[in-house]
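Here's the structure, in structure tokens; my notes come after.
Here is how names work: the chains are called A, B, and so on, in the same order as the sequence lines, proteins then strands, and each is numbered from 1.
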There are 2 protein chains.
Amino acid sequence: MGMETQVLPARLPADLSDGVFPAGCPSRTVLDHITSKWGVLILLSLSEGEQRWSDLRRRAEGISEKMLAQTLKTLERDGLVLRKSQPVIPPRVDYSLTDRGYELSALLIPLVAWAYNNADEILNGER
Amino acid sequence: MGMETQVLPARLPADLSDGVFPAGCPSRTVLDHITSKWGVLILLSLSEGEQRWSDLRRRAEGISEKMLAQTLKTLERDGLVLRKSQPVIPPRVDYSLTDRGYELSALLIPLVAWAYNNADEILNGER
DNA sequence: CGGTATCCTAGGAGATACTG
DNA sequence: CAGTATCTCCTAGGATACCG
């Protein structure tokens, strides 16, 4: 895990290839979670390793406490993020990716890298 | 293009690896476009080939006309979708992906496939 | 430090009606 | 067929204050 590369499918699953996917499809919900504005940034940030609340707040620049809490809860419920709380004073809580979270982040990284590399051309209309 | 697979980076660009990315970063805007609820579905649908307005309306089940128009305009402005309008009656307009759009859809497909394959486990909390 | 609770509002998004 | 135009509703999300 880490430096190696991945081989990925270039087509959709067969059952999706005709109608994209239906309105009530559970994958829509999941897709909404993992492509949410802050969800992507949190997952990406955690792909670099375990981090604390305040780390995440700083790294996902611009996020509010409310959105950080909400996003982390959703990702935790989805089994993508692991929360480890230590009963010390001052409190210490560490967040990290689960195995499933790592799997996902590996798919997100190329996407974010692409957005990063193409952002200027896209927004400035360069060819 | 089509059936072959892709090799993708497993890490972020070096300049992103410390702080995710800054609040005003253009890539945030691009990321918002391409990970938008309907944007993903439209790009995915068009990855199957050229389609008309009414095709897209049907395939991205649940989308309103307003959102379809808005999403298509954004994607067109971003140089991801090509709009070909024929001055006939009744009007005929075909939408397709640009090269850049195809590039992007190739990154989106694994993500959507993953969401599809993991949706039930994620939402029902199965291990 | 690591969060809740509360209030508030811009704009995301649906429904309906109309048009070249 | 392929869209606009309006109206309205609603919630994602920011600001602020407070708590164990």
For D55(B), which residues count as a salt bridge (Lys or Arg N to Asp or Glu O under 4.0 Å) partner, sequence neighbours excluded?
R58(B)
List in chain and number order the residues that pass salt bridge (Lys or Arg N to Asp or Glu O under 4.0 Å) with R52(A), two or more places apart in sequence or in another chain; answer none if no residue qualifies.
none
Note: R59(B)-E48(B) ion pair, threshold 4.0 Å (strictly below)
no
Considering residues at least two apart in sequence or located in another chain, which fulfil the side chain to side chain contact (heavy atoms under 4.5 Å, CB included) criterion with E76(B)?
R83(B)
Test of understanding: with side chain to side chain contact (heavy atoms under 4.5 Å, CB included), list the residues that count as partners of S36(B), not counting sequence neighbours.
none
Rounded to 10°, tell me the angle between the two end axes of the helix from dC1(C)-dG20(D) to dG20(C)-dC1(D), each built from five pairs.
50°
Rounded distance (Å) that lies between atom [atom2] of [N] and atom [atom1] of [X]:
X	N	atom1	atom2	answer
R57(A)	dG2(C)	CZ	C1'	11 Å
R58(A)	dC1(C)	CZ	P	10 Å
Q51(A)	dC1(C)	CD	C1'	16 Å
L68(B)	dA2(D)	CG	C1'	10 Å
I89(B)	dG3(D)	CD1	C1'	14 Å
H33(B)	dG12(C)	NE2	P	10 Å

Output the single nucleotide from dG3(C), dA2(D), dC1(C) whose closest atom is nearest the side chain of W53(A).
dG3(C)
Among the nucleotides dT4(D), dC1(C), dT4(C), whichever has the atom closest to the side chain of K73(B) is dT4(D)
Atom pairs, protein N/O to nucleotides 11-17 of chain D N/O, distance under 3.5 Å:
{"from": "dG13(D)", "atom 1": "N7", "to": "K66(A)", "atom 2": "NZ", "distance (Å)": "2.4"}
{"from": "dG13(D)", "atom 1": "O6", "to": "K66(A)", "atom 2": "NZ", "distance (Å)": "2.9"}
{"from": "dG14(D)", "atom 1": "OP2", "to": "S64(A)", "atom 2": "OG", "distance (Å)": "3.3"}
{"from": "dG14(D)", "atom 1": "O6", "to": "K66(A)", "atom 2": "NZ", "distance (Å)": "2.8"}

Any donor-acceptor pair under 3.5 Å linking the side-chain atoms of Q51(B) with those of S45(B)?
yes
CA sep, side-chain torsions, deciding dist, call: L43(B), L97(B), side-chain contact (heavy atoms from CB on, under 4.5 Å)
CA-CA 8 Å; L43(B) 288 167; L97(B) 293 185; 3.8 Å; yes
Hey, mind stepping through W53(B) and L68(B) against side-chain contact (heavy atoms from CB on, under 4.5 Å) and telling me if it holds?
CA-CA 8 Å; W53(B) 167 278; L68(B) 179 54; 3.8 Å; yes
Is any side-chain heavy atom of R28(B) closer than 4.5 Å to one of L41(A)?
yes
Indicate whether OP1 or OP2 belonging to [N] is found under 4.0 Å from a side-chain N or O atom of [X].
X	N	result
Y95(B)	dG3(D)	yes
S85(B)	dA2(D)	no
R92(A)	dG2(C)	no
R83(A)	dG3(C)	yes

